[in-house]
Engineer: 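Following this message is one structure expressed as structure tokens.
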Amino acid sequence: MARKVEVLYLRLLIETASPQRRPFLFNDSPIKRWSYGYLCPLTIRYPQVMSLKRSTVQQLLSSQELDREVLVKGWVRTRRGNKYVQFIAVNDGSIIHNIQVVADAEKFPEEDLKYVTTGSCVAIRGKLVASQGKGQTVEIQAAEITVLGKSDAEAYPLQKKATSLEHLREIAHLRPRTNTFGAVLRVRHALAFAIHDYFNKNGFFYVHTPIITGSDAEGAGQMFRVTTLSPEHPPRTADGSVDFSEDFFGKQTNLTVSGQLEGELAAMALGSIYTFGPTFRAENSNTARHLAEFWMIEPEVAFNELEENMDLAEDFLQSLVKYALEHCADDLAFLNEQYDKELLGRLHFVVDNAFQRLTYTEAVEILKSAKQKFEFPVDWGTDLQSEHERYLVEKHFKKPVILTNYPKEIKAFYMKLDDDGRTVRAMDVLFPGIGEIIGGSQREEDYTKLTTRMAEMHVPTDELDWYLDTRRFGTAPHAGFGLGFERLVLFVTGMSNIRDVIPFPRYPKNAAF
RNA sequence: GCUUCCUUAGCUCAGCCGGUUAGAGCAUCUGACUGUUAAUCAGAGGGUCCCUGGUUCGAGCCCAGGAGGGAGCGCCA
């Protein structure tokens with residue numbers, strides 16, 4: 001009852017106040033503490049605002065239609081001016097640029113404008129006009145300014161000036177409001193969309209492989225356990241070990257480290273498939289290139305052999321970079337200017353030049369005869385170190401490299417054995433600054449050879465009998481690869497830490513937000 | 001997990017060889033300015049020098065332990 005009376009009183013106040021005064025009465029009222037259910041009917045009191053459809057900043061900045069009434073809503077980046085004229089830069093995330101709102105300060109007294117501060121959220125109705133000042137072509141002459149959400153300028157953590165990426169990581173809930181993260185997140189979206197677009201246009205089917213897996217034989221690293229058992233008092237078997245038959249799935253389960261094995265099953269029926277989903281690795285990796293939770297794209301194609309797998313990887317990567325260059329020009333220009341002056345040049349180079357293909361054995365020869373001294377020696381049979389990969393990509397070839405035919409000992413059990421019996425049909429795509437962006441292979445389709453490799457590498461065959469069935473019934477050559485999505489975003493944005501290209505990074509000792 | 005560097009105002013960072021009351025720019029507040037572009041100009045307020053202990057007449061600075069963060073390496077995508 002008391003609330004109802006208060007609402008009626010406020011309506012009366014608002015309706016009898018001058019038009020400029022209304023929004024501020026509204027914002028100062030105790031009603032702001034109440035639910036949106038109460039806020040909505042009150043905002044209907046502004047018929048001009050409601051009858052006007054909101055335009056995005058992106059739409060307004062590219063508009064040719066001037067001298068018309070528009071409504072824009074967004075967050076204030078800066079406000080400046082004097083007692084006669086005020087300039088408010090508003091950003092709504094639709095584009096990296098702000099729209100400049102010009103307010104006649106005599107119409108909007110300082111007392112009313114004081115809540116229009118950096119970080120506050122505003123709705124502005126006004127006329128879209130050609131700008132009188134330099135720096136922008138259009139601007140809005142404000143007729144009405146409504147503060148939708150105040151922001152205490154003293155407490156707001158984002159400043160007009162540069163804030164370090166490390167500090168932004170600690171306030172990851174607010175960093176999308178910065179130019180940098182706005183740009184990164186828009187590029188990230190564009191790349192995700194481009195991936196689906198590429199596969200769809202090329203006859204691939206999107207397959208959803210499970211996030212929770214019952215097999216711990218995927219062979220791609222430490223896994224996170226999924227359980228509903230009590231951590232303090234789990235049920236025990238007679239010999240004292242934890243009784244997982246009592247667990248939710250009746251067995252031990254984990255978060256997936258790869259969708260590949262299930263992807264292969266689908267490829268052996270649908271022909272060309274891809275997965276694009278979250279992947280989890282419980283490795284204690286503390287680097288700028290690793291996350292505990294990341295997104296991976298894994299295409300798998302029946303009848304493809306190693307050569308065709310490489311063709312697909314190269315065309316795929318070039319198409320994605322090209323898409324970003326075409327669709328994210330403003331964001332990439334900003335990142336190029338702000339962080340990495342060679343970014344755009346590098347992206348164009350990747351699109352325009354064929355990747356260098358060579359075997360592991362050839363790479364070892366090049367590294368052995370290299371004049372540069374390495375911290376770790378190069379030896380046939382050992383895996384290449386980061387410094388070796390970087391030498392090949394950045395110094396020797398100066399272009400993306402695809403390394404193939406690695407020694408079988410350093411690669412996974414499912415990779416197809418070469419005729420010499422020493423190497424497998426693996427391929428790693430190495431990118432400048434990133435290292436391994438893609439890892440893949442032609443798969444071993446021969447049942448006997450596959451089970452022999454599994455025995456040698458102590459991979460339990462009974463747990464993977466479903467996987468082996470593809471080799472038992474109508475087996476076929478097939479190949480695929482995994483692309484780390486964040487590593488792609490890292491490359492395209494020119495950021496240097498993978499924690500800065502995912503909204504809420506997960507890494508050892510950190511699961512905030 | 002290993003190596004190494006860092007932690008000083010809300011933010012970015014100075015702070016000499018261990019020596020008086022710890023500084024600057026931005027932000028905030030007050031004032032000035034009729035078209036600004038990270039506006040500008042003048043003034044004011046703002047500090048657990050990451051924490052704990054030690055050395056010293058005296059510690060932001062030296063030593064030990066801890067916490068948080070960065071970079072490099074390993075594992076990988």
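Lettering follows sequence order; numbering is per chain, from 1.
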Engineer: Output every pair passing ring-ring contact (aromatic ring centres under 6.0 Å, His included) with a member in residues 480-499 of chain A, not counting sequence neighbours, ordered by first then second residue.
Structural biologist: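 Counting only pairs at least two positions apart or across chains, the ring-ring contact (aromatic ring centres under 6.0 Å, His included) contacts touching residues 480-499 of chain A are Phe276(A)-Phe485(A), Phe431(A)-Phe491(A).
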Engineer: For Lys408(A), give me all partners under salt bridge (Lys or Arg N to Asp or Glu O under 4.0 Å), at least two apart in sequence or on another chain.
Structural biologist: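 Scan of Lys408(A) (salt bridge (Lys or Arg N to Asp or Glu O under 4.0 Å), adjacent residues dropped) gives none.
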Engineer: Which residues, if any, of residues 481-498 of chain A bring a heavy atom under 4.0 Å of RNA chain B?
Structural biologist: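 Nucleic-acid contacts, sorted: Gly482(A), Gly484(A), Arg487(A), Asn497(A).
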Engineer: Can you sort out the partners of Asp311(A) under salt bridge (Lys or Arg N to Asp or Glu O under 4.0 Å), two or more places apart, ordered by chain and number?
Structural biologist: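 In terms of salt bridge (Lys or Arg N to Asp or Glu O under 4.0 Å), with neighbours along the sequence ignored, Asp311(A) is linked to Arg357(A).
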Engineer: Can you run down the ring-ring contact (aromatic ring centres under 6.0 Å, His included) pairs that involve residues 135-188 of chain A, sequence neighbours left out, and say none if there aren't any?
Structural biologist: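 Those involving residues 135-188 of chain A are His173(A)-Phe513(A).
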Engineer: Please identify each residue that fulfils salt bridge (Lys or Arg N to Asp or Glu O under 4.0 Å) with Arg177(A), with sequence neighbours left out.
Structural biologist: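 Arg177(A): no salt bridge (Lys or Arg N to Asp or Glu O under 4.0 Å) contacts found.
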Engineer: Report which part of the nucleic acid Arg169(A) touches: base, sugar-phosphate, or nothing (heavy-atom distance under 4.0 Å, all strands).
Structural biologist: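 Sugar-phosphate contact only - Arg169(A) comes under 4.0 Å of backbone atoms but never of a base.
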Engineer: Check each residue of residues 177-186 of chain A for a non-hydrogen atom within less than 4.0 Å of any atom in RNA chain B, then write out the ones that pass by number, or none.
Structural biologist: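 Output list: empty, so none.
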Engineer: Would one find a side-chain N or O of Ser258(A) under 4.0 angstrom from OP1 or OP2 of A77(B)?
Structural biologist: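 Indeed not, no polar side-chain atom of Ser258(A) lies that close.
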Engineer: How does protein contact run along nucleotides 1-6 of chain B, one letter per nucleotide 5' to 3', with B for base contact, S for sugar-phosphate only, - for none, heavy atoms under 4.0 Å?
Structural biologist: B-----
Engineer: For residues 130-139 of chain A, which side-chain N or O atoms pair as donor and acceptor with protein atoms under 3.5 Å away, sequence neighbours left out?
Structural biologist:
from: Ser131(A); atom 1: OG; to: Gly133(A); atom 2: N; distance (Å): 3.1
from: Ser131(A); atom 1: OG; to: Gly133(A); atom 2: O; distance (Å): 3.3
from: Ser131(A); atom 1: OG; to: Gln136(A); atom 2: NE2; distance (Å): 3.0
from: Ser131(A); atom 1: OG; to: Glu139(A); atom 2: OE1; distance (Å): 2.8
from: Gln136(A); atom 1: NE2; to: Lys134(A); atom 2: O; distance (Å): 3.1
from: Glu139(A); atom 1: OE1; to: Gln100(A); atom 2: NE2; distance (Å): 3.2

Engineer: Look for any protein N or O under 3.5 Å of an N or O in nucleotides 7-10 of chain B and output each such pair with its distance, or none.
Structural biologist:
from: G10(B); atom 1: N2; to: Gln159(A); atom 2: OE1; distance (Å): 3.4

Engineer: Quick one: list whatever passes salt bridge (Lys or Arg N to Asp or Glu O under 4.0 Å) with Glu456(A), sequence neighbours left out.
Structural biologist: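 Salt bridge (Lys or Arg N to Asp or Glu O under 4.0 Å) list for Glu456(A), sorted by chain: Arg453(A).
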Engineer: Under 4.0 angstrom, heavy atoms only, what part of the nucleic acid is Gln385(A) near: base, sugar-phosphate, or nothing?
Structural biologist: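 Sugar-phosphate, backbone atoms only, no base.
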Engineer: Under a 3.5 Å cutoff on both atom distances, Watson-Crick or G-U, what's the dot-bracket for RNA chain B ([ ] crossing, | other strand)?
Structural biologist: (((((((..((((.....[...)))).(((((.......))))).....(((((..]....))))))))))))....
